[in-house]
Amino acid sequence: MAGRHSAKTSKKPIVIICIVTAVIIIGVICAVIIFNSGSKPANTTSTTSPQQTTSTVQSASGESAETTVQTTESEQPTTQSEIFTGETSEVSKVVVPTKSGQEVSYFNATYVPYKAVDSSTNEECTLREVFGSAFSQGVITFNSDGTFTDSVTSSSVNSGAYAVEGDTIVATYSNDKNMSVKVASWEGDTPLELIINYGGYDVYFNM
């Protein structure tokens with residue numbers, strides 16, 4: 001009887017050891033699960049960062065484009081102003097060679113060329129023969145402030161100053177080239193018909 005009791009008593013430590021081992025294994029498994037679940041928020045944070053960087057780049061490029069447009073618009077009025085001022089100053093410096101002591105006058109009218117005559121043969125010819133490819137079918141305008149514009153040809157110099165002396169209009173372009181214009185007929189104080197010689201051809205103008 002004493003031997004059987006001793007055998008039953010020796011089985012208790014083995015059971016305790018098994019229980020403790022099972023508890024330890026369960027604890028390790030729980031710790032691993034908790035550790036894995038705790039590492040997920042870190043991944044979410046790293047994914048958000050590139051989106052913020054992309055947004056910043058787009059904003060910077062937008063500001064750059066706006067700055068470029070504003071600079072271009074502000075330059076245009078300045079350029080136009082400089083060109084206009086340059087043309088005005090050139091005409092204002094033109095000196096018309098008039099006769100000393102003779103009274104001069106000015107008027108306001110626009111004239112169109114309508115025929116051309118060879119001054120050596122007195123034969124009529126076309127305006128295209130006189131001006132060639134430079135003929136632009138333009139006009140000559142005299143202003144009451146003593147300036148004129150010439151768009152008959154496509155020349156780059158097409159403005160200057162003038163003065164009326166008797167039956168002659170003395171005109172000087174802004175490049176100092178002189179042009180003598182004969183007044184063929186009058187209407188009051190305004191010339192009605194003009195004659196201008198271009199390289200041996202008399203070109204007639206009327207209003």
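Atom NZ of Lys177 has 12 or fewer neighbouring heavy atoms from other residues, nucleotides or ligands inside a 6.0 Å radius. With a 6.0 Å radius and a threshold of 12 heavy atoms from other residues, nucleotides or ligands, Asp145 has its CG atom above the threshold.
In the model, Asn158 has no side-chain atom that pairs as donor or acceptor with a side-chain atom of Ser151 under 3.5 Å. Judged by distance alone, the side chains of Tyr173 and Asp150 do bring a donor and an acceptor atom under 3.5 Å apart.
Here Thr168 contributes atom OG1 and Ile195 contributes atom CD1; the two are 11.0 Å apart, rounded to the nearest 0.5 Å. Taking CG from Leu127 and OG from Ser136, the interatomic distance works out to 11.0 Å, rounded to the nearest 0.5 Å. Atom CZ in Arg128 sits 8.0 Å away from atom OG in Ser133 (nearest 0.5 Å). In this structure, the separation between OG on Ser180 and CD on Glu165 is 9.5 Å, given to the nearest 0.5 Å. For the atom pair CD (Glu124) and CG (Asp202), the distance works out to 11.5 Å, reported to the nearest 0.5 Å.
Just one of Val20, Thr21, Ile26 meets the side chain to side chain contact (heavy atoms under 4.5 Å, CB included) condition when paired with Ile24; it is Val20.
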(request) Carefully, step by step, assess Val203 and Val130 under the rule side-chain contact (heavy atoms from CB on, under 4.5 Å). (result) CA-CA 9 Å; Val203 179; Val130 178; 4.1 Å; yes
(message) Test side-chain contact (heavy atoms from CB on, under 4.5 Å) on Ile16 and Ile19; report intermediate values, then the result.
(response) CA-CA 5 Å; Ile16 294 173; Ile19 293 173; 5.6 Å; no
(request) Kindly indicate, with the supporting measurements, whether the criterion side chain to side chain donor-acceptor pair (under 3.5 Å) is fulfilled by Thr126 and Glu129. (result) CA-CA 5 Å; Thr126 65; Glu129 290 180 65; 3.2 Å; yes
(message) Show, in sequence, the C-alpha distance, side-chain angles and deciding distance for Tyr162 and Tyr106, and conclude whether the ring pair (Phe, Tyr, Trp, His ring centres under 6.0 Å) test is met.
(response) CA-CA 8 Å; Tyr162 79 97; Tyr106 307 99; 5.6 Å; yes
(request) Report the C-alpha separation of Ile140 and Thr149 in whole Å, then their side-chain angles, then the decisive distance to 0.1 Å, and conclude whether the side-chain contact (heavy atoms from CB on, under 4.5 Å) test is met. (result) CA-CA 6 Å; Ile140 294 180; Thr149 57; over 6 Å; no
(request) Determine, stepwise, if the pair Met179 / Tyr198 fulfils side-chain contact (heavy atoms from CB on, under 4.5 Å). (result) CA-CA 9 Å; Met179 177 178 65; Tyr198 292 92; 4.2 Å; yes
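If you chain together hydrophobic residues whose side chains sit under 4.5 Å apart, Phe148 and Val104 fall into the same group. Under the 4.5 Å side-chain contact rule for hydrophobic residues, Phe131 and Ile196 share a cluster. One hydrophobic cluster holds both Phe205 and Val181 under the rule that ILVMFWY side chains link at heavy-atom gaps under 4.5 Å. By the rule that hydrophobic residues join a cluster once side-chain heavy atoms approach within less than 4.5 Å of another member, Leu192 and Tyr204 end up as members of separate clusters. No chain of hydrophobic side-chain contacts below 4.5 Å, direct or via other Ile, Leu, Val, Met, Phe, Trp or Tyr residues, connects Phe135 to Val112.
Residue Pro191 comes nearest to Tyr111 through the heavy atom pair O-OH, 2.5 Å, listed as atom of the first residue, atom of the second, then distance. Across all their heavy atoms, Met207 and Ala109 have their closest contact at SD-CB, 3.7 Å.
Side chain of Ser119 to main chain of Gly200: a donor-acceptor pair is present (N/O by atom type, distance under 3.5 Å, no hydrogens or angles). A donor-acceptor pair is defined here as one N or O able to donate and one able to accept, closer than 3.5 Å; no such pair exists between the side chain of Thr172 and the backbone of Ala161.
Here side-chain hydrogen bond (donor to acceptor under 3.5 Å, both in side chains) pairs that include residues 184-195, with residues two or more places apart or in two chains, are Tyr114-Glu193, Asp167-Trp186.
Residues satisfying the side-chain contact (heavy atoms from CB on, under 4.5 Å) criterion with Thr110, sequence neighbours excluded, are Val139, Thr141.
Ring centers of Phe142 and Phe107: under 6.0 Å apart, within the cut-off.
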